[in-house]
Amino acid sequence: MKPHRRKRLGIILFIAAGLSVSVGLILYAMSQNIDLFYTPTQVAEGEAEVGQRIRIGGMVKEGSYESAEDSLQVRFETTDYVNSVPIYFEGILPDLFREGQGIVAEGTVDAEGIFQASRVLAKHDENYMSQEVKAALDAAGATPENHQLSPQPES
Amino acid sequence: MTPATVDTPGQDIGTDASQSLTSAVMLDGTDLFCERDDRILFEQLNFTVSEGQVLQIKGSNGSGKTTLLHILCGLNDSYQGSIRWYGQAIETQAEEFYGALLYIGHRVGVNKVLTPLENLRWTCSLQQQVSDTELYRALAEVGLRGFEESQCFTLSAGQQQRASLARLLISDARLWVLDEPFTTLDAGGLSLLEGLLRSHADAGGAVIVTTHHDLRVADLQQMTLG
Amino acid sequence: MWLWFSKLGSPKWFYELSGKWLPWLIATMILFLVIGATWALLYVPQDYQQGLTNRIMYVHVPVASLSLSFFPLMAVAGTITLVWKMKLADMVVKVAAPLGAWFTALALASGSIWGVDTWGTWWIWDGRLTSLLLQLFLLLGIISLRSALEDSDAAARACALLSIVGCINVVVIKYSVDWWNTLHQPGTTFGMSSDQPNGPEFWIPLLIMGIAVALFFTVSLILATRNEILERERRSQWVQELVQE
Amino acid sequence: MNKQRTSTGQAFWATLQRDLLIAYKRKNDMANPFMFFLIVASLFPIGISPDPERLAEIAAGVLWISALLASLLAMDNLYRADYEDGSLEQLLLSPHPLYFLVLAKNIAHWLVSGLPVVLVSPLIAYMLNLPSESYMILFVTLLLGTPVFSLLGSIGVALTVGLGSRGLILAVITLPMSVPVLIAGTLAIEQTSNGASLSGFLAILGAMLLASISVAPLASGAALRISVN
């Protein structure tokens with residue numbers, strides 16, 4: 001092999017080694033919990049520590065919404081249809097906030113297991129239906145899976 | 001093999017000295033064409049440089065002398081045509097070519113804050129191993145004795161040029177490509193450099209140099225651009 | 001194949017060929033645009049949650065998905081510029097950058113209008129939004145590098161290189177912001193029957209609008225490239241003859 | 001007179017030593033980014049609020065952004081002097097792979113401009129009231145992240161080295177490219193104090209560092225060839 005060929009091969013191997021180790025590191029990182037995004041089940045099972053700042057994503061449980069008469073305080077439960085987590089929030093909710101709708105809340109879990117949200121965002125789901133279809137689906141007793149929020153953020 | 005001189009319209013190329021028939025062709029270019037910003041710098045340009053030869057390139061300002069040197073060294077690849085090193089394309093033997101090439105550009109490659117010694121040490125080490133004694137001897141020979149350890153910004157332009165030329169004494173490169181090496185040199189510097197070119201050619205090396213200075217070397221070719 | 005490739009690289013050949021295609025492309029584009037826009041604005045049923053706001057989807061989704069194609073396009077054209085020094089490829093890199101910036105800006109603007117109604121905010125530092133914003137910055141960087149370099153050859157290669165580096169970077173940025181913050185909805189899968197969510201009454205007009213916007217993109221790219229060809233080849237004989245006519 | 005050729009390793013060391021020597025002789029160039037880092041970081045408490053709690057919240061971001069800006073400021077003199085005095089041409093004409101020579105210059109540059117910033121960062125972190133358990137994470141992440149800034153910035157500066165006024169265009173090109181490192185670095189400090197896995201973040205930063213060591217010098221070398229052309 002000519003010397004310059006060997007040298008070029010050396011560089012290529014060097015670069016390939018660097019890239020493959022970095023791919024390995026990324027794969028390792030993916031296996032670690034780094035984004036602190038929790039589902040209601042994970043919170044309910046106590047995976048999120050008390051006082052830890054996390055984000056929680058789920059649906060607003062039907063019939064759980066309560067608001068104070070004289071202030072902006074609201075209380076509702078978020079659910080992934082397995083477990084629910086009560087959320088307490090004080091502030092203006094987005095227009096799309098309604099029961100059965102997906103939300104993402106940021107905040108902390110307090111000692112009683114209530115999620116103290118500092119921000120609530122409506123996450124509109126990826127399904128589009130005309131009002132008639134929606135009515136028809138509801139009448140037929142559609143399963144919640146049709147408009148269930150994905151438990152993990154997209155990646 | 002393409003002859004050294006071809007009469008082409010717009011290109012005035014002529015040889016002053018006869019070409020040695022025995023020596024091998026080191027570098028040759030065929031049908032070179034270069035255009036810059038919609039202006040044709042040269043076209044159908046041919047040349048050969050053999051061992052023991054000096055090729056002097058002349059031309060007015062902006063005629064593309066520096067561009068041609070950059071093309072020959074592979075610093076510029078926006079040209080058409082072929083350049084060959086001992087009859088083979090340079091890309092196939094880049095390491096041999098760059099190991100045998102010594103280029104000193106218009107900007108001589110001398111860092112202002114370093115001393116001539118440190119500058120020389122680095123530029124040489126990109127190609128070959130050198131000892132400090134060799135470096136000191138070379139600097140003394142180009143007239144920089146006593147300035148080896150002064151930072152280059154304290155030196156005159158001519159002294160900086162001499163610092164870069166010290167490489168010629170150390171390097172074993174067979175092909176020298178020099179862009180206007182005489183500009184800032186004084187009379188002593190001129191004869192020193194001319195002597196270097198002569199002995200390099202005598203030893204079987206080749207030189208490509210842009211200058212308007214009248215060179216006195218045995219085997220001289222001249223080429224005028226523009 | 002190789003002949004075809006080198007022929008495609010000739011600006012003159014491209015100019016003549018694209019001249020023949022353009023009227024058809026423009027006609028198809030207008031057809032699709034009119035049908036798609038009318039359908040989307042007047043006949044798409046209201047979404048059960050978002051009502052009429054939903055209709056901005058028919059602009060946002062085609063524009064946003066097309067704006068993601070600019071960096072790959074520029075990286076491919078840039079590679080061709082660097083490896084084969086094809087002038088036409090450089091022209092594509094050059095004209096695609098501002099076009100990409102407009103598409104990206106439009107995607108951001110339409111998304112932001114949609115967002116204010118559904119999410120309750122004009123802007124949020126969400127993964128997709130942030131990565132699109134950074135893509136806009138990278139495109140603006142390429143545009144300003146091009147304008148800063150005087151030498152056209154150096155500018156061509158520098159921008160080609162930056163497009164390739166930028167393309168890798170867009171991918172990295174996309175992943176990094178995704179685990180940084182995510183709110184944007186995932187991609188929708190469309191149903192085939194009209195009594196399901198995402199039925200044909202939603203996706204057929206979207207498809208038509210998608211084709212219309214893709215055609216618009218193609219037509220703009222071709223028109224801008226033709227402009228660039230005339231600009232660069234203004235001294236060549238065939239352009240002179242063209243002007244004479 | 002046949003002389004011994006240098007090995008690529010020797011050329012690499014010679015280039016590294018030369019650049020360190022130049023930096024040593026131009027102490028101002030070495031000190032400026034460092035001073036800049038200190039000043040920018042101390043502007044935030046003045047500009048936002050000296051309230052310790054609010055400072056603690058933004059400290060990680062402030063430190064990372066200041067480090068990024070300091071690295072950007074330092075980038076400009078990576079190739080400029082070499083371009084102006086012709087040393088760059090010598091570098092490009094070396095028979096050794098440009099990849100390693102550019103890498104040597106990048107390493108030298110980080111050692112004089114990036115490393116001092118990393119070393120002083122715990123002190124600034126203290127002044128910004130960063131929770132003390134984060135010092136080590138800050139230090140390690142900056143140690144992994146600032147070389148990436150240098151390597152990425154090197155591409156931008158190599159592309160713009162021939163330009164007369166390059167300060168702002170360099171920022172426009174380089175800053176968006178640095179965002180992933182910034183995100184990983186600040187998230188690492190923020191999230192790990194919330195209980196996320198530190199090793200995950202270190203792996204990501206390490207991956208970014210290795211990937212940019214592998215690829216960025218190639219791009220920088222290509223960019224230098226374009227600029228000299």
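Order of the sequence lines fixes the chain letters, A, B, ..., with proteins taken first and strands second; residue numbering starts at 1 for each chain.
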Examine whether an atom of D/Tyr83 lies under 4.5 Å from a heavy atom of chain B, and if so say whether it belongs to the side chain, the backbone or both; otherwise answer neither. both
Which region of D/Gln90, side chain (C-beta onward) or backbone (N, CA, C, O), has a non-hydrogen atom less than 4.5 Å from a non-hydrogen atom of chain B, or is it both or neither? both
Under 3.5 Å donor-acceptor, D/Thr141 side chain and D/Ile137 backbone: yes
Quick one: does D/Thr15's side chain have a donor or acceptor within less than 3.5 Å of a partner on D/Leu101's backbone? no
With a 4.5 Å cut-off on heavy-atom pairs, point out which of B/Asn111, B/Thr123, B/Val108 contacts chain D the most.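 With the most close heavy-atom pairs to chain D, the winner is B/Asn111.
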Heavy atoms of D/Phe34 and D/Val117 approach each other most closely as CD1-N, 4.2 Å
Looking at D/Leu91, D/Leu88, D/Asp82, which one has more heavy-atom pairs under 4.5 Å with chain B than the rest?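 The residue among D/Leu91, D/Leu88, D/Asp82 with the greatest pair count is D/Leu91.
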Counting heavy-atom pairs under 4.5 Å with chain B, the top scorer among D/His96, D/Arg18, D/Arg26, D/Glu89 is D/Arg18
Looking at B/Asp132 and B/Arg121, does any basic side-chain N land under 4.0 Å from a carboxylate oxygen?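 Salt bridge: yes.
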With only heavy atoms counted, which part of [X] is less than 4.5 Å from chain D, the side chain, the backbone, both or neither?
{"X": "B/Thr115", "value": "both"}
{"X": "B/Ser125", "value": "both"}
{"X": "B/Gln127", "value": "both"}
{"X": "B/Leu114", "value": "both"}
{"X": "B/Gln151", "value": "side chain"}
{"X": "B/Arg174", "value": "neither"}
{"X": "B/Val110", "value": "backbone"}

Assign the ring pair D/Phe100 / D/Phe12 to parallel, tilted or perpendicular, where the plane angle (0 to 90°) is split at 30° and 60°. perpendicular
Mutual orientation of the aromatic rings belonging to B/Phe182 and B/His213 [parallel < 30°, tilted 30-60°, perpendicular > 60°]: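 Parallel.
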Would you please say whether a donor-acceptor pair under 3.5 Å links the side chains of D/Tyr79 and D/His109?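 On atom types as modelled, these side chains do not qualify, holding no pair under 3.5 Å.
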One should read off an interatomic distance between B/Leu45 CG and B/Asp31 CG, to the nearest 0.5 angstrom, of 9.0 Å
